[in-house]
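As the structure is a prediction and not an experimental result, all values here were calculated from the model. Side chains included, hydrogens not; waters and symmetry mates left out as well; all remaining heavy atoms used.
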Number of protein chains: 2
Amino acid sequence: MTPEPPARTRQAPTLEAVAELAGVSRATVSRVVNGSLRVSPAAHAAVTRAIAELGYVPNQAARSLVTRRTDTIVLIVHERPDTVFADPFFASVLRGVNQALSVTQLQLVLLQVQGDRQRDRALRYVGNGHVDGVLLISLHGDDIMPMSVSGAGVPLVMAGRLLTGDPVDSVDADNVGGARQAVRHLVATGRRELATVAGPVDMSVGVDRLAGYAQAARDAGLPASATRVETGDFTEASGQAAAARLLAEHPTIDAVFAASDLMALGVLRALRAAGRRVPDDVAVVGFDDAAPAVYADPPLTTVRQPVERLGAEMVHQLLRRIADPTGDAASVILPTELVIRSSA
Amino acid sequence: MTPEPPARTRQAPTLEAVAELAGVSRATVSRVVNGSLRVSPAAHAAVTRAIAELGYVPNQAARSLVTRRTDTIVLIVHERPDTVFADPFFASVLRGVNQALSVTQLQLVLLQVQGDRQRDRALRYVGNGHVDGVLLISLHGDDIMPMSVSGAGVPLVMAGRLLTGDPVDSVDADNVGGARQAVRHLVATGRRELATVAGPVDMSVGVDRLAGYAQAARDAGLPASATRVETGDFTEASGQAAAARLLAEHPTIDAVFAASDLMALGVLRALRAAGRRVPDDVAVVGFDDAAPAVYADPPLTTVRQPVERLGAEMVHQLLRRIADPTGDAASVILPTELVIRSSA
DNA sequence: TTGAAAGCGCTAACAA
DNA sequence: TTGTTAGCGCTTTCAA
């Protein structure tokens, strides 16, 4: 009287069982499962039926052991130790990643990394063949992860670009172009005394959006006095503080380009606190990273980057790189879009 | 002259290599790696040194093949085919999950599931021993996934609860209590003509928040006429439409409880569109699911649920269940908190 | 405390 | 087109 084993323990059907039921060898079953062409219709049918009957699903561990593939990629989010990464941006990227992945056999492992300990653990995980490829979202402009990963020969695609200039497969929004759109819009609507609340200078997004701002201001023939810059860290509070500084020192400002949506919100608050009217008095344009700034009231004119698509493109590029590990690093730049709403 | 193999291909050191270098058997190395007590200090030292020298990391596939553990859990997000799941809520849960996981050896696989096809694929994935446990966030009140998963003997913890009443390990916010807090607050501040914009009746959050609202209204001795209900689907647009209906039919309303933050935003817009002043004319309290309603201007009084903690608690409960698969299903209810801001 | 040996379920030559 | 066979790297009895 052997006791009934718990469901959990009940042996999942193996290749062997399928082979037996179908009356063929394990190799043939394997061929069918893996879509080999060199199988007779009869064998194929028998195997397919047996698989259905038994509810067979390949054991991934056994498969990985021999193929050295894992059918898994990892998304690493390398945050700063102190900062909380902007949720909506991340969630939107993730949505795009999942969508692109849903038509593949690949599974997604998620790794949130803060600090050197966790980073090194992640690096070890990746370096040890646990995944077929890496997607990286890094908040560090000089992160060592990208080079460590690609140096280990593991396919990698990162969001944004490396401030070090090292070549890495990457997908990025057109931050320079987006900032230019913002400035051109402000100038086109008659603004002449511009300022920007820029992002951190140690992040490519920060650098690029500032560069676009400066370029466009120069192109518009604005004097240097009309290109004020204060820096924030992408948070609402920092945007508010930066705007307050701007207003105190340059009361004649009539437009602000905020390099993130959260900072744009802060700018709005600072303007209100200072008794300025938006947009009559001062116009505001923010960069839309999918954070909730669009819920500002009145709604904000923004430069929108296609965040979800960014995630999907990262996957596509990674798949390409996995299929063909050779060749130079490629950068995909996604266009931004100016979305005009009432407050600018 | 064998060509230099690419880094990728270079054999990772195996147990065998470690054993040889340490001058012991593979079994002994395995014991050290897995923390067995029955190893002599000398052997232990030799093995430890060899591991460090070689940079050995166990091959997870080989290990899983024999242990039948995967050291992986999966977070399944079962969305509706049409709806886009609220990003910030999801991202916050994920943050809590990751945080709880970071002190373990477990890896997190993420599965976004929409529609029956993907659901069945996920079920097969889980049922075939790919993961040690499942975390489930479901938007379907009568989802078959929970019972399928736990019926297959795979440890499962879900967020929320099943409308079917089936017993499943779960973690939930105190939605009933939170809604009561909201109503009590409105009553305490002098409101007498209440209404709610409730959530979908096929989701436990919707049902529970409505139940709390009704309970508290009754407890406060409000007449039935003061417990109007309109239903939305948790989106801002639906909140706005519901509030518009409410205002049209019951112009005397002086307070609205919105069962989600996005719907609260919609309510605010509807009130403004109707020329009502907030909060003087009509007070609004929303349920804070970590969506951006708190960015409303003026800020909204909300009932806040601890979303991040919810994720962490789900992990803790799952770990318990994995360690001890027997025993009855348990429900953890997390308290909510009333956060009073200007608009109510 | 240690080692020898038997697989875990699968893929991939190689032979037939 | 099919089957046979030899492992992939690890854990785990079982004996010593």
Here the distance between atom P of C:dT11 and atom CG of A:D71, to the nearest Å, is 10 Å
> Is B:L94 close to B:L108 at the side-chain level, that is, under 4.5 Å between some pair of heavy atoms?
Replying inline: yes
For B:S102 and B:Q99, indicate whether the former's side chain and the latter's backbone hold a donor-acceptor pair under 3.5 Å.
-> yes
Between its two end axes (five pairs each) the helix from C:dT1-D:dA16 to C:dA16-D:dT1 turns, nearest 10 degrees, through 30°
A:T164 and A:D166: side chain donor to acceptor below 3.5 Å = yes
Exactly one candidate in B:L75, B:I73, B:V126, B:L111 meets side-chain contact (heavy atoms from CB on, under 4.5 Å) with B:V134; the answer is B:V126
Under 4.0 Å, heavy atoms only, any strand: does A:A43 hit a base, just the sugar-phosphate, or nothing? sugar-phosphate
Here the distance between atom C1' of C:dG3 and atom CD of B:E20, to the nearest Å, is 15 Å
Per side-chain contact (heavy atoms from CB on, under 4.5 Å), B:S30 is matched among B:N34, B:V33, B:V32 by B:N34
DNA chain C nearest-nucleotide lookup for B:R38 and B:L65: closer to the 5′ end is B:R38
message: At less than 4.0 Å, is any side-chain N or O atom of A:S25 found next to OP1 or OP2 of D:dT4? Yes or no.
response: no
note: A:R69, atom CZ; C:dA12, atom P; distance rounded to Å ~ 8 Å
Of the candidates C:dG9, D:dC10, D:dT2, the side chain of A:V39 sits closest to D:dT2
Residue-phosphate contact under 4.0 Å: B:T14 side-chain N/O, D:dG9 OP1/OP2:
no
A:N59 atom CG is separated from D:dC8 atom C1', nearest whole Å, by 13 Å
Notebook entry, point to check: With no hydrogens and no angle check, is any side-chain donor or acceptor of A:R117 less than 3.5 Å from a backbone partner on A:D120?
Noted result: no
On a heavy-atom basis, the closest approach of A:L136 and A:M314 is O-CE, 3.7 Å
To the nearest angstrom, the CD-C1' distance between A:E16 and C:dC8 comes to 12 Å
Inset, instruction - Check whether any side-chain N or O of A:D172 sits under 3.5 Å from a backbone N or O of A:I333 as a donor-acceptor pair, and report yes or no. - result: no
Scoring nucleotides 11-16 of chain D by protein non-hydrogen atoms under 4.0 Å (B base, S sugar-phosphate only, - none) yields BBB---
Hits for side-chain contact (heavy atoms from CB on, under 4.5 Å) against A:L163, two or more places apart or cross-chain, chain-then-number order -> A:R161, A:S204, A:V207
For this session: Using a cut-off of strictly less than 4.0 Å, decide whether A:T28 has a side-chain nitrogen or oxygen near OP1 or OP2 of D:dT2.
Result: no
Taken to the nearest whole Å, CD/A:Q60 to P/C:dC10 is 11 Å
